[in-house]
**Q** 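Quick one: the structure is below, questions incoming.
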Amino acid sequence: MDNKKLAELLFPTITKTPADLEEIYPERGLAEGARVTRFAPSPTGYLHIGGLFGALVDVLTAKVSGGVSYLRIEDTDKKREIDDGVSAITNGLGAFGVEFDEGVTGFNAEKGAYGPYMQSKRVEIYQTVAKSLVEQGLAYPCFCTADELTALRETQEAEGALIRGYFGKWAKCRSLTYEEIEAKIKGGESWVLRFRSDGDENRRITFEDMIRGKIEMPENIIDEVLLKSDGIPTYHFAHVCDDHLMRTTHVIRGEEWISSVPKHIALFRACGYKAPKFAHTPQVMKIDEETGDKRKLSKRKDPEAAVSYFVEEGFPKESLIEYLLTLISSGFEDWRRANPSVPAMEYPFNLKKMASSGCLFDLVKLNDVSKNVISVMNAKQVYEAISEWAKSYDEEFYKIFTADPAFSTEAVNIDRENPKPRKDIAKWSEVKDYFSYLYEELYTPDYSLPENISKEDAEAIVAEYAKVVSFEDDKDQWFARIKDMCEPLGFTPNVKEYKKTPDLFKGHVGDISTVIRIAITSRRNTPDLYSIIRLLGEDTIKARLADALNFYSK
Ligand code: GLU
């Protein structure tokens, strides 16, 4: 067979050669040890939390090595795509501050010298490599129809063949002559391009996975499809061409691709390319609420599988990143304790120390991490972040919250900007309810009392407090006044004393404060009550006490 002639027949419009591609996309000339990584999602219009997890690993791996990370969009699977699936990805990454050095930056936008970074715009590149494989006898057109392939599969099943697929004696298009191929093409038959594998089922390959260590598998013997009938590459072929020509040094991707590595290694070899290093990351799992079993985070069942969920809920970007880093690397929490104020992206990440098994995504832990993150923000940052979130996701609250910026900044500053800040808010969507008592428009009184306090006692406490309340007090004076109220009302200012002899008292000073707190805020638990009283001011406090008194006295 004249392979050159066949290559011309199959790819008449391709004029470049792989050598041209080498020139267009030269080696990057980075310093020794610098790693080039990529995040390569398909544009499904949805960024999975596992995607953000992977993107972080890519960016950190490149960053700690002084290398380059880039974003490539793998849009060769037309079936799975939606119109502008790219924005969901770039917006999702952008919302959490994950930035790549190169690649796609938005809908129809990209930066970097190794592009285009959308696979659909690289068809000429794949076909150039494909043509050269045909010239070398390493690829051939296959005209088998879907029905023929189904029949092949059924025969293999019936025969109990151990290895199934298009290979060896089953690969009937392997041996077509030039004349047969030409006749079929002239007859308008459609074809795919297949790899001509020289693999041997008795041989094994080994490779070193950066996360999992040495992995050994049988060599690939399948004549894998490289180009589909529309000339668009399969994932496997595009991966090999792109990761070589974009000069990726470390392919970091989900563990579902491990079984394809033998195929990829065979293709890298056939193309004359050096295979990159591989690292297969574990899947992001959760404990199923119903069964208690570990399972993959599912797009269908779990709202938190979508990165957009965290934006909508108002988790600060730092919180999610910080939390994902605890999942990505067991050393992160220790590092964080030792470096409390260093930005998370400065973490000296080590791919080799990543856990290889399913990591559990735990919303409760995320909430805790986020409370910590928010607790150390200053009041101005918190005010601005809440405003920005509310502007997009809760217009009503946005208007209320931003009507008096000084008031709201003061509100979020209660128990903040001190060495032991309160850790109460995990996400911005909680704030409206959390602070509802500070805004008349949001406030609905609820005077229900804890079981140990009677309505009569509540009435007496509120009546007495309304009498003694002074807006000149400093915090100590304020508290002294509450303590002074205790004994005449049958309570004790001394909690220890109460615990020793509870029968002698109706309750202790904590109960008195609780009643006052409920009268003013309708909550049993709030940040510092003294600050709340100062913030709400005399008129509001007097009106609230009067309303509560009215309620208890009926
Ligand atoms: N487009 C592939 C996916 O979304 C990427 C796999 C890879 O990173 O190579 O699963």
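Both counts, for ligands and for their atoms, begin at 1 and track the order of listing.
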**Q** Heavy-atom distances under 4.0 Å decide this one: backbone, side chain, both or neither, for F39 against ligand 1?
**A** neither
**Q** Heavy-atom contacts with W257 under 4.0 Å: which atoms of ligand 1 show up? List them by number with element.
**A** 6 (C), 10 (O)
**Q** Among Y323, Y309, F53, which residue satisfies the ring pair (Phe, Tyr, Trp, His ring centres under 6.0 Å) criterion with F361?
**A** Y323
**Q** Can you list the residues that meet the ring pair (Phe, Tyr, Trp, His ring centres under 6.0 Å) rule with Y273, with sequence neighbours excluded?
**A** H244
**Q** Between ligand 1 and Y235, can you find any atom pair, the residue atom being a heavy atom, that is separated by under 4.0 Å?
**A** yes
**Q** Less than 3.5 Å apart, which donor and acceptor atoms pair up between the side chains of residues 131-141 and the rest of the protein, not counting sequence neighbours?
**A**
{"from": "K131", "atom 1": "NZ", "to": "E8", "atom 2": "OE1", "distance (Å)": "3.4"}
{"from": "K131", "atom 1": "NZ", "to": "E8", "atom 2": "OE2", "distance (Å)": "2.9"}
{"from": "K131", "atom 1": "NZ", "to": "F11", "atom 2": "O", "distance (Å)": "3.2"}
{"from": "K131", "atom 1": "NZ", "to": "I14", "atom 2": "O", "distance (Å)": "2.7"}
{"from": "S132", "atom 1": "OG", "to": "Q136", "atom 2": "NE2", "distance (Å)": "3.0"}
{"from": "Q136", "atom 1": "NE2", "to": "S132", "atom 2": "O", "distance (Å)": "3.0"}
{"from": "Y140", "atom 1": "OH", "to": "D223", "atom 2": "OD2", "distance (Å)": "2.6"}

**Q** Among G54, S42, A40, which residue places a heavy atom closest to atom 5 (C) of ligand 1?
**A** A40
**Q** Quick one: does ligand 1 sit under 4.0 Å from the side chain of R38, the backbone, both or neither, non-hydrogen atoms only?
**A** side chain
**Q** Compute the centroid of each ring, for F349 and then for F332, and state whether the two points are separated by less than 6.0 Å.
**A** no
**Q** Cation-pi between R28 and Y114: NZ/CZ under 6.0 Å from ring centre and within 45° of the ring axis?
**A** yes
**Q** Hey, does E74 come in under 3.5 Å of ligand 1, counting only N/O atoms on both sides?
**A** yes
